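Just so it is clear, the model here is predicted, and its values are computed rather than measured.
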Amino acid sequence: MNTDHVILLHGLWMRGFTLAALRHRLEAVGFSVELFDYASVLRGPEVGVERLVASAKKSKSKKIHFVGHSLGGLVALQALQRAPEITRGHVVCLGSPLRGSAVARTV
């Protein structure tokens, strides 16, 4: 049994349930999975970053991996920059605008 924990982060204008299929696939191979939901537009990513840091610090898992779609990848990276001690695994960014985005700048 895998003891690794995966935190899934959705992208801009989305909600956590949009990653439900990925959650089920990861759980099927033994990961514990958390769908992390945050207000990507109404409050901006900053509130999500703070909540993600708090959530990761509470985890009892030996390894925590972050999988972020689009803006979710940027939220994960900002959380890890703010609290490096939560880095106990890997970060996977799925379509994240790591080199900037015209859409992201307008939001």
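Side chains of Ser59 and Arg88 form a contact here, defined as non-hydrogen atoms less than 4.5 Å apart. Considering only heavy atoms from C-beta on, Val33 comes within 4.5 Å of Leu8 through its side chain. Side-chain contact between Gln81 and Leu77 is absent, with no heavy-atom pair separated by less than 4.5 Å. The shortest side-chain heavy-atom distance between Leu19 and Val67 does not fall under the 4.5 Å cut-off. Val6 places none of its side-chain heavy atoms less than 4.5 Å from the side chain of Asp4.
Atom NZ of Lys57 sits about 11.0 Å away from atom CG of Leu52, to the nearest 0.5 Å. The CH2 atom of Trp13 sits 9.0 Å away from atom OG of Ser70, with the distance rounded to the nearest 0.5 Å.
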* **Chi angles and distances behind the side chain to side chain contact (heavy atoms under 4.5 Å, CB included) call for Lys60, His5** => CA-CA 9 Å; Lys60 306 277 191 252; His5 183 65; over 6 Å; no
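Put simply, Val91 and Val49 are part of the same group of oily side chains (I, L, V, M, F, W, Y) that touch within less than 4.5 Å, one to the next. Tracing side-chain contacts under 4.5 Å through hydrophobic residues (I, L, V, M, F, W, Y), one reaches Leu22 starting from Val92; they form part of the same cluster. Linking Ile, Leu, Val, Met, Phe, Trp and Tyr whenever their side-chain heavy atoms come within less than 4.5 Å puts Leu12 and Phe66 in one cluster. Val47 and Leu71 fall into different hydrophobic clusters, where Ile, Leu, Val, Met, Phe, Trp and Tyr are joined by side-chain heavy atoms under 4.5 Å apart, directly or via other members.
Among all heavy-atom pairs drawn from Ala56 and Ile64, the shortest one is O-CD1, 3.5 Å. Contact detail for Leu74 and Ser96: the closest heavy-atom pair is N-OG, 4.2 Å. Taking each heavy atom of Leu9 and Ala76 in turn, the nearest pair found is CD1-CB, 4.0 Å.
Here the side chain of Tyr38 pairs a donor or acceptor atom with the backbone of His10 at under 3.5 angstrom. Although no hydrogens or angles enter the test, the distance criterion places no donor-acceptor pair under 3.5 Å between the side chain of Arg23 and the main chain of Phe17.
In terms of the ring-ring contact (aromatic ring centres under 6.0 Å, His included) criterion, Phe36 has no residue partners (sequence neighbours excluded). Take His65 and apply the ring-ring contact (aromatic ring centres under 6.0 Å, His included) test, not counting sequence neighbours, and it matches His90.
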